[in-house]
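Numbering of residues begins at 1 and proceeds along the displayed sequence.
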Amino acid sequence: MGIYYEQEPRSREPGGCSQVLILTWAAFSILFWPMLALGLLLGVLASALILLAIHPALALIPLAVAAVGVWLFARWERRHFRSPGAPPDL
């Protein structure tokens, strides 16, 4: 049948499936850390509510863990991303 119909040369570009996979990977790599933070926040809130049902003082444990996590993240951010005129860290 190639004799009767002209056939276009095949291009060397990757197929649509690989492009979709690359774009999906890029989107999930960008959204991974915010989704992880959201999941951890929901876990802290759920554990605080469960511990609140057991005893009100126990509900402070996951909140204290979250506060320490935020404090450690703030220290890490300040150490790695300093403004140009900031004094050195002690």
Side-chain angles (χ1 to χ4, degrees):
M1 293 302 261
I3 299 170
Y4 302 111
Y5 300 104
E6 284 187 33
Q7 294 180 352
E8 295 180 15
R10 293 188 180 181
S11 64
R12 293 285 185 182
E13 291 183 16
C17 184
S18 64
Q19 291 175 356
V20 168
L21 290 176
I22 289 170
L23 290 174
T24 303
W25 176 80
F28 280 126
S29 66
I30 291 171
L31 293 175
F32 175 74
W33 293 111
M35 294 299 286
L36 180 67
L38 185 62
L40 289 174
L41 178 66
L42 289 175
V44 165
L45 289 175
S47 62
L49 287 175
I50 291 170
L51 290 173
L52 183 65
I54 296 172
H55 192 275
L58 291 176
L60 296 175
I61 294 171
L63 299 177
V65 169
V68 168
V70 168
W71 179 72
L72 289 174
F73 180 70
R75 273 188 64 201
W76 181 84
E77 282 278 328
R78 188 173 45 180
R79 193 173 332 129
H80 286 86
F81 302 105
R82 300 184 58 77
S83 62
D89 225 4
L90 297 178

Q: List for me each residue that meets ring-ring contact (aromatic ring centres under 6.0 Å, His included) alongside His80, sequence neighbours excluded, and say none if there are none.
A: Trp76
Q | Intermediate values then yes/no, side chain to side chain contact (heavy atoms under 4.5 Å, CB included), Thr24 and Phe28 | A | CA-CA 6 Å; Thr24 303; Phe28 280 126; 3.5 Å; yes
Q) Is it the case that one hydrophobic cluster holds both Ile61 and Ile54, taking links as side-chain heavy atoms less than 4.5 Å apart, direct or via other members? A) yes
Q. Looking only at heavy atoms, what is the nearest atom pair of Pro62 and Leu51, with distance?
A. CD-CD1, 3.7 Å
Q: State the SG-CD1 distance between Cys17 and Ile22, to the nearest 0.5 angstrom.
A: 10.0 Å
Q | Inter-residue atom distance Leu60.CG - His55.NE2, 0.5 Å rounding | A | 10.5 Å
Q. Could you give the distance from CH2 (Trp25) to CD1 (Ile30), rounded to the nearest 0.5 Å?
A. 9.0 Å
Q: Measure the CG-CG distance between Leu63 and Leu52 for me, rounded to the nearest 0.5 Å.
A: 9.5 Å
Q) Going hydrophobic residue to hydrophobic residue with side-chain gaps under 4.5 angstrom, can you get from Met35 over to Leu42? A) no
